[in-house]
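Chain naming here is simple, since letters A, B, ... match the order of the sequence lines and numbering starts at 1 in each.
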Amino acid sequence: MEPMELDRETSKGKEEEGEEGQSIIDKRKPIVVIMVGAPGSGKSTFCDHVILASSQTWIRICQDTIGNGKAGTKAECIKSAANALKEGKNEFIDRCNIDREQRADFLKLGGPDVQKHAVVLDLPAKLCITRSVKRTGHEGNLQGGKAAAVVNRMLQKKELPKLNEGFTRITFCHNEKDVEAAINTYSALGPSDTLPSGCFGQKNPEAKVQLGIMKFLKKVDVPSKDGLAKSNPQSCSHNQTSAEKDSNPKMLENDSAPLEHVQLDVKDCVHQEMGPSSGSIFLDSVPTLAFPSISTADFMFDLDKASDIIVEKVEEFVNKLGGGRLVLVDLSHKSKILSLVRAKAAQKNIDSMKFSTFVGDITRLYSGGGLRCNVIANAANWRLKPGGGGVNAAIFSAAGPDLESATKERAGSLAPGKALVVPLPSTSPLSIKEGIAHVIHVLGPNMNPQRPNCLNNDYVKGCKALREAYSSLFEGFASILSTQGWLSKESNEKSLNSQDQLEKNHSDSDQKVKREALNEYEGSKKSKVFLKELRPDFSHSMDGKDNIENRSNVEPLNECEREINAKGSLKELRPSVSHSIGRIDNLSSRDDTGINKAWGPWAQALYQIAMHPERHINDVREILDDVVVLDDLYPKARKHLLVLARVEGLDCLADVHKEHLPLLRAMHAVGLKWAEKFLDENESLIFRLGYHSEPSLRQLHLHVISQDFDSKHLKNKKHWNSFNTPFFRDSVDVLEEVGKHGKATLRDDDSFHSMELRCHRCRSAHPNIPRLKKHISFCQASFPGLLLENNRLVFGPGKGG
DNA sequence: GTTCTAGAAC
DNA sequence: GTTCTAGAAC
């Protein structure tokens with residue numbers, strides 16, 4: 001690299017000196033070169049090179065060593081620099097000087113008699129980090145793991161110098177060649193030589209002004225092979241990129257950087273490289289979502305199909321994300337999903353600036369891999385809880401309890417195909433060490449028979465769910481970008497809803513946040529309802545029409561529950577039941593008829609009794625051909641019976657059709673019979689017979705319940721409201737509706753369970769269950785007219801009616 | 001379905 | 001401080 005051509009004035013000055021016999025001071029003002037650059041950018045090395053090669057006297061004012069070889073203060077540097085200037089020495093201010101304020105005091109040195117230069121080592125952040133992390137024996141003891149954090153923090157404050165700060169000359173170096181050229185320029189400087197004023201090697205100045213926009217445009221700079229520019233500032237505006245790099249776009253910038261540390265998969269990273277001009281800007285400023293491949297690990301989703309979906313979804317979203325970048329992460333260089341995705345993304349010409357793959361630990365992207373991401377995705381479980389292994393366990397573990405609590409605040413569960421954005425508290429180690437600001441939980445479909453809610457190779461449903469999962473994930477990311485002003489207006493509008501959601505979560509009161517979390521939870525509860533409604537679909541639907549979301553609650557009923565069931569959690573429920581429960585076939589997804597079931601393990605007891613009452617002889621009151629009668633294990637009144645239908649496939653009222661009318665009549669008749677039997681014993685009792693619109697226990701059962709509701713087991717709103725709102729369907733009405741329409745009207749809206757508590761007699765409202773119970777213990781008001789009609793209530797002889 | 005319990009409500 | 005509820009856990 002040839003040194004920069006020197007200004008001819010200098011020679012002229014020499015001649016004048018000879019003629020006029022002026023002192024050496026007049027030859028040229030001393031130069032203060034303020035070095036600007038992050039740790040690891042090579043400032044000290046730069047100075048050392050010049051000092052060694054130059055014929056002039058240069059001294060290096062280094063804050064890291066100024067205190068008798070140890071780190072000193074800025075004030076010491078200034079003092080030392082001032083003294084050196086008095087002696088007419090040229091000097092380097094070797095400290096980071098990363099922002100304007102840091103530089104200001106040094107620019108005041110020596111007044112106008114001193115030339116103020118800046119040399120900006122604006123090298124890729126990754127390179128600086130790599131160097132800092134790897135170096136040993138650093139003067140300032142900035143090395144190893146902490147260096148990465150320091151470099152990063154410093155680069156965030158970076159403020160490139162401008163002439164109007166007081167510099168007469170600024171040289172920008174963006175790569176090793178620039179650095180080499182600048183070293184040569186300063187080394188070659190003779191006693192009377194002066195370097196031209198102005199900015200040299202600066203990238204498009206607008207890039208600084210509108211960093212947010214420019215950094216996402218593809219290579220704004222036009223590479224030039226010239227190395228150092230000539231005296232014309234224009235010509236040296238950018239000179240970093242060699243033809244060699246251009247010819248091999250797969251190479252990461254800076255061949256000299258020891259990239260293996262950064263764990264970048266250089267060899268085969270079609271999508272991994274930063275463009276030659278991306279440098280530190282890219283790394284530091286681009287909002288980046290790192291995400292693992294969803295469902296392909298433990299959930300055993302076919303890799304080929306998954307990679308198709310990843311690329312398809314990336315392609316769909318990559319342009320909606322404005323400045324955002326997506327990075328698919330996997331642990332191993334041998335990752336098949338990464339290579340598949342890379343190949344397919346390359347085929348589709350997806351912009352590698354916006355999507356790349358990365359080999360590394362998703363919890364250590366920055367500290368372990370130098371990849372700066374502000375958002376990571378978690379392959380969550382439905383419970384949104386730690387554990388399970390893989391990415392989920394790793395992320396929860398690395399994030400500490402903060403993530404769990406932040407998650408819990410927002411939602412209690414997650415449906416397949418859905419994502420949940422969780423702002424990560426700044427106290428989380430993942431935030432502190434890795435700079436992660438958000439975690440997006442996402443749940444994908446499961447193809448692993450050993451895991452809950454297996455789709456049994458149904459890739460129609462599976463692919464749909466996986467597509468939805470990625471859409472949800474990327475939308476979540478977009479919502480984060482939009483709140484941070486990264487998205488265009490159009491994009492913002494697109495993600496307005498999610499933005500709203502986010503903003504609420506961030507700014508509103510705790511109560512509101514909780515309410516939203518509750519809504520989400522309620523939403524997932526609702527999906528349970530759907531699940532059951534759609535259950536027939538499961539038996540034969542290959543049309544993929546069913547709502548993926550519906551499956552969310554299949555999972556909870558399986559993974560954990562299967563084992564619980566085997567251990568007989570229902571033992572407590574009813575000792576004699578447990579024996580058979582332990583052998584139950586069908587808490588899993590299929591029963592004998594091949595119909596998928598959505599019932600939890602706790603929900604199977606009645607079904608078992610109905611199917612095999614002889615095994616529960618101690619628990620039942622009466623066994624008939626078509627019904628079984630038993631006491632409710634947790635009676636909500638003095639008398640509370642259940643009349644079970646002994647028909648397979650009749651799980652609840654929703655399953656009831658016209659052909660079941662005789663059975664319903666039989667159930668009603670048996671219920672009445674028992675009510676009358678109790679009335680014989682205690683004529684003050686009043687009974688009501690009916691069904692829950694959406695029962696918790698499997699197998700159609702008729703409640704026969706006395707209206708005293710005098711029971712220690714009646715404990716909460718749900719208990720009360722399930723018997724005292726339209727959620728409770730009177731048997732007489734069900735008979736009528738099924739007779740007329742072939743089905744009963746269901747009132748399975750969740751809202752019934754949270755309705756205000758009203759006395760079933762006088763309709764007075766009460767603030768809580770204890771107060772209500774106290775009230776009903778003495779309220780003798782007559783029942784509402786509606787209940788008195790149509791024999792909905794069953795009274796003792798000579799009463800009511 | 002129930003039990004347990006944290007935290008809200010009082 | 002106690003009561004009560006809602007949600008998690010089972």
Side-chain angles (χ1 to χ4, degrees), chain A residues 381-387 401 404-405 407-414 452 509-526 528 532 552-553 555-575 577-578 581-582 584 587 597-610 619 630-636 640 642 644 651-652 691-701 703 705 711-723 727 750-757 766-775:
Chain A
N381 55 38
W382 73 273
R383 284 179 193 272
L384 293 168
K385 292 278 176 192
E404 206 182 341
S405 51
T407 301
K408 199 169 164 182
E409 253 180 38
R410 283 166 178 78
S413 64
L414 194 63
S509 69
D510 285 350
Q511 283 221 329
K512 194 157 186 179
V513 171
K514 285 198 176 136
R515 212 178 313 135
E516 281 166 19
L518 179 70
N519 288 341
E520 188 139 357
Y521 176 67
E522 294 294 333
S524 67
K525 281 205 294 192
K526 248 176 213 164
K528 191 172 181 175
K532 278 188 274 178
S552 65
N553 288 283
E555 196 171 345
L557 308 182
N558 292 326
E559 178 172 37
C560 41
E561 267 65 6
R562 188 187 300 270
E563 191 187 324
I564 292 158
N565 177 55
K567 287 177 184 164
S569 72
L570 292 171
K571 207 173 279 177
E572 299 144 37
L573 184 65
R574 197 178 278 270
V577 172
S578 66
I581 296 288
I584 296 179
L587 100 106
K597 297 298 177 190
W599 303 96
W602 61 77
Q604 303 291 336
L606 297 182
Y607 170 79
Q608 287 305 313
I609 293 168
D619 305 309
L630 73 161
D631 287 310
D632 192 298
L633 187 59
Y634 298 96
K636 303 301 184 294
H640 185 181
L642 302 178
L644 301 185
D651 292 343
C652 58
Y691 301 86
H692 284 159
S693 288
E694 189 205 347
S696 297
L697 297 177
R698 179 186 182 190
Q699 195 62 18
L700 183 68
H701 55 278
H703 290 269
I705 185 166
S711 165
K712 63 175 183 180
H713 297 294
L714 200 160
K715 293 173 175 173
N716 58 45
K717 263 188 176 176
K718 186 174 177 177
H719 291 153
W720 177 259
N721 285 334
S722 68
F723 290 101
F727 182 87
D750 277 351
S751 65
F752 286 122
H753 293 319
S754 49
M755 276 172 68
E756 59 184 353
L757 298 167
H766 299 270
N768 54 47
I769 287 291
R771 298 271 286 274
L772 173 76
K773 288 179 82 170
K774 192 172 180 185
H775 169 82

Asks: For A:Asn716 and C:dA8, give me the distance from atom CG to atom C1', rounded to whole Å.
Replies: 14 Å
Asks: I would like to know whether A:Leu700 and A:Leu644 meet side-chain contact (heavy atoms from CB on, under 4.5 Å); could you show each step before the answer?
Replies: CA-CA 6 Å; A:Leu700 183 68; A:Leu644 301 185; over 6 Å; no
Asks: Ring-plane angle category for A:His703 and A:His692, please: parallel below 30°, perpendicular beyond 60°, tilted otherwise.
Replies: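 Tilted.
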Asks: Hey, does the side chain of A:His719 come within less than 4.0 Å of B:dT2's phosphate (OP1/OP2), counting only N and O?
Replies: yes
Asks: Roughly how many Å is it from NZ in A:Lys715 to P in C:dT3, rounded to a whole number?
Replies: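 Going from A:Lys715 (NZ) to C:dT3 (P), I get 16 Å.
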Asks: Using the side-chain contact (heavy atoms from CB on, under 4.5 Å) rule, take A:Leu630 and A:Ile609 through it: C-alpha gap first, then chi angles, then the decisive distance, then the call.
Replies: CA-CA 9 Å; A:Leu630 73 161; A:Ile609 293 168; 3.8 Å; yes
Asks: When you measure from the side-chain N and O atoms of A:Lys385 to the phosphate of C:dA9, is any distance below 4.0 Å, counting only OP1 and OP2?
Replies: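 Yes, such a contact exists.
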Asks: A:Arg383 has an atom CZ; how far is it from atom P of C:dA8, in whole Å?
Replies: 10 Å
Asks: Please work out if A:His692 contacts a base, only the sugar-phosphate, or nothing of the nucleic acid, heavy-atom cut-off 4.0 Å.
Replies: sugar-phosphate
Asks: What nucleotide among C:dT5, B:dT2, C:dC10 has an atom nearest to a side-chain atom of A:Tyr634?
Replies: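 When the side chain of A:Tyr634 is considered, B:dT2 is the closest of C:dT5, B:dT2, C:dC10.
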Asks: Let me know the distance between CD of A:Glu756 and C1' of C:dA6, rounded to the nearest Å.
Replies: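 Between C1' of C:dA6 and CD of A:Glu756: 18 Å.
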Asks: If only side-chain N and O atoms of A:Lys718 are considered, is one of them under 4.0 Å from the OP1 or OP2 phosphate oxygen of B:dT2?
Replies: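 Looking at the OP1 and OP2 atoms of B:dT2, neither is under 4.0 Å from any side-chain N or O of A:Lys718.
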Asks: Can you identify which nucleotide, out of B:dT2, C:dA8, C:dT5, has its nearest atom closest to the A:Lys408 side chain?
Replies: C:dA8
Asks: Which nucleotide in the list C:dA6, C:dC4, B:dT2 gets nearest to the side chain of A:Asn768?
Replies: C:dC4
Asks: Atom CG of A:Asn721 and atom P of C:dA6: how far apart are they, to the nearest Å?
Replies: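 So the CG-P distance, A:Asn721 to C:dA6, works out to 10 Å.
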Asks: I would like to know whether A:Lys717 and A:Trp720 meet side-chain contact (heavy atoms from CB on, under 4.5 Å); could you show each step before the answer?
Replies: CA-CA 5 Å; A:Lys717 263 188 176 176; A:Trp720 177 259; 5.9 Å; no
Asks: Would you kindly give the CG-to-C1' distance between A:Leu772 and C:dC4, to the nearest whole Å?
Replies: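 After rounding, the gap between these two atoms is 14 Å.
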Asks: Evaluate side-chain contact (heavy atoms from CB on, under 4.5 Å) for A:Leu642 paired with A:Leu606, printing each intermediate quantity in order.
Replies: CA-CA 9 Å; A:Leu642 302 178; A:Leu606 297 182; 3.9 Å; yes
Asks: Once you round it to whole Å, what is the distance between P of C:dT3 and CG of A:Leu757?
Replies: 19 Å
Asks: How close or far is atom P of B:dT2 from atom NZ of A:Lys717, stated in whole angstroms?
Replies: 18 Å
